[in-house]
Number of protein chains: 2
Amino acid sequence: MKNNIKAFRVKHHYTQDDLAEKLEVSRQTIISLEKERYNPSITLAFKISRLFNCSIEDVFIYEEE
Amino acid sequence: MKNNIKAFRVKHHYTQDDLAEKLEVSRQTIISLEKERYNPSITLAFKISRLFNCSIEDVFIYEEE
DNA sequence: ATTCAAAGTCAAGCTTGCTTTACATTGAAT
DNA sequence: ATTCAATGTAAAGCAAGCTTGACTTTGAAT
């Protein structure tokens, strides 16, 4: 699973800290997601896409296997 | 978070077992998801929506808080 | 009334998402 | 050359998703 979180974040001029606060998660979580160390929960994925006014599919790119 | 998994499953004439197999998860997982005992991982959410040829947003209805 | 597939419950255990804390690196501005 | 905000790493622990296995309930068909 790939994601465009960093691109969206930068486009909105948010720091990782800003984003973490808006999403009500820790900064570590943002770092880990941007570095694609793990996938977000579906709840967090929804929060992220809502914040950026787009669909989950716009932010997260699913690749089988 | 609400979901329409059962509706989609029935529409496609799948049993819980069929669906579990196609998604490569246990039948317990299907039951738990249909009963909304917990949310799926985003990977599983993608698999489900792909199987039903729709978007994650079509199957899962996010409600804040 | 039985039977059988489908749907359901319960509980224990593993895996993965997320938090917290503490510390290190980068890079741009002065 | 320093400084400071932003980004990064590491590790331990809690919480949520998923599995397995064994057993129960439902309901439609014969």
Side-chain angles (χ1 to χ4, degrees):
Chain A
M1 173 107 46
K2 299 203 169 178
N3 74 69
N4 306 317
I5 298 179
K6 180 167 186 177
F8 275 103
R9 174 174 66 78
V10 168
K11 178 157 49 158
H12 286 249
H13 303 103
Y14 293 155
T15 64
Q16 293 179 337
D17 236 340
D18 293 337
L19 185 54
E21 225 177 301
K22 286 182 187 287
L23 297 171
E24 298 177 302
V25 294
S26 69
R27 189 172 61 90
Q28 251 318 309
T29 296
I30 304 300
I31 292 174
S32 300
L33 291 179
E34 289 191 353
K35 297 254 150 189
E36 294 176 347
R37 286 201 227 281
Y38 51 68
N39 299 320
S41 66
I42 191 176
T43 315
L44 183 49
F46 262 113
K47 277 187 168 188
I48 293 172
S49 62
R50 291 297 169 272
L51 179 63
F52 292 139
N53 273 312
C54 60
S55 75
I56 289 187
E57 281 87 349
D58 288 331
V59 186
F60 301 93
I61 294 88
Y62 176 65
E63 305 158 305
E64 355 275 305
E65 217 55 22
Chain B
M1 173 108 43
K2 300 203 169 177
N3 73 69
N4 306 317
I5 298 179
K6 180 167 186 178
F8 275 104
R9 174 173 67 79
V10 169
K11 178 156 49 160
H12 287 248
H13 304 102
Y14 294 155
T15 65
Q16 292 179 337
D17 236 340
D18 293 338
L19 186 53
E21 225 177 302
K22 286 182 188 285
L23 297 172
E24 298 176 302
V25 295
S26 68
R27 189 172 61 92
Q28 250 319 309
T29 296
I30 304 299
I31 292 174
S32 300
L33 291 179
E34 289 191 353
K35 296 256 151 188
E36 294 176 347
R37 286 200 228 282
Y38 51 68
N39 299 320
S41 66
I42 191 175
T43 314
L44 183 49
F46 262 113
K47 278 187 167 188
I48 293 172
S49 63
R50 289 299 169 271
L51 179 64
F52 293 138
N53 272 312
C54 60
S55 74
I56 289 187
E57 281 87 350
D58 288 332
V59 186
F60 301 93
I61 294 87
Y62 176 65
E63 304 157 304
E64 357 274 306
E65 216 55 22

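Just so we're on the same page: letters track the sequence lines, and every chain starts at 1. Worth knowing before you read on, the calculation uses all heavy atoms, side chains too, and leaves out hydrogens, waters and symmetry mates.
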Walking DNA chain C from its 5' end, the first of B:Thr43 and B:Gln16 to be reached, judged by nearest nucleotide, is B:Gln16

Looking across every strand, which nucleic acid part, if any, lies under 4.0 Å from B:Asn39 by heavy atom: base, sugar-phosphate, or nothing? sugar-phosphate

Could you work out which one of C:dG17, D:dG17, D:dT20 sits closest to the side chain of A:Tyr38? C:dG17

Looking at the side chain of A:Ser26, which of C:dG8, D:dG8, C:dT20 is the nearest nucleotide? C:dT20

Pairwise side-chain contact, B:Leu19 with B:Phe52, heavy-atom cut-off 4.5 Å (strictly under): yes

Specify the separation, in whole Å, of atom CZ of A:Arg37 and atom C1' of D:dG8. 8 Å

Give a yes/no on whether any side-chain N or O of A:Arg9 is located under 4.0 angstrom from OP1 or OP2 of D:dT7. yes

Can you find a donor-acceptor pair, distance only, under 3.5 Å between B:Arg27 side chain and D:dG21 base? no

Rounded to the nearest Å, what distance is computed from the CG atom of residue A:Asp17 to the C1' atom of nucleotide C:dT20? 14 Å

Taken to the nearest whole Å, NZ/A:Lys47 to P/C:dG17 is 17 Å

Comparing A:Pro40 with B:Glu34, nearest DNA chain C nucleotide closer to 5' gives the residue B:Glu34

Rounded distance in Å - CG (A:Leu44) to P (C:dT16): 18 Å

Partner of B:Glu34 under salt bridge (charged side-chain N to carboxylate O under 4.0 Å, His left out), picked from B:Lys2, B:Lys6, B:Arg9, is B:Arg9

Gap between atoms CD and P, on A:Glu36 and D:dG8 respectively (whole Å): 13 Å

Can you tell me which nucleotide in D:dG8, D:dC18, C:dG8 comes closest to the side chain of A:Ile31? D:dG8

Dump the intermediate steps for side chain to side chain contact (heavy atoms under 4.5 Å, CB included) on A:Cys54 and A:Val59, then the final yes or no. CA-CA 8 Å; A:Cys54 60; A:Val59 186; 3.5 Å; yes

Among C:dC18, C:dA6, D:dG17, the nucleotide that comes nearest once only the side chain of B:Ser41 is considered: D:dG17

Just compare C:dG8, C:dC18, D:dC18 and give me whichever is closest to any side-chain atom of A:Leu33. C:dC18

Counting heavy atoms from C-beta on, name the nucleotide in D:dT19, D:dC18, C:dC18 closest to the side chain of A:Thr29. C:dC18

Can you check the A:Tyr14 OH to D:dA5 C1' distance for me, whole Å? 19 Å

Quick check: do B:Glu57 and B:Tyr62 have side-chain heavy atoms less than 4.5 Å from each other? no

If the threshold is 4.0 Å, N to carboxylate O, is there a salt bridge linking A:Glu24 and A:Lys47? yes

Could you tell me the separation between the NE2 atom of B:His13 and the P atom of C:dA7, rounded to a whole number of Å? 12 Å

Side-chain donor/acceptor of A:Gln28 to base of D:dT9, under 3.5 Å: yes

Rounded to the nearest angstrom, tell me the gap between atom NZ in A:Lys35 and atom C1' in D:dT7. 8 Å

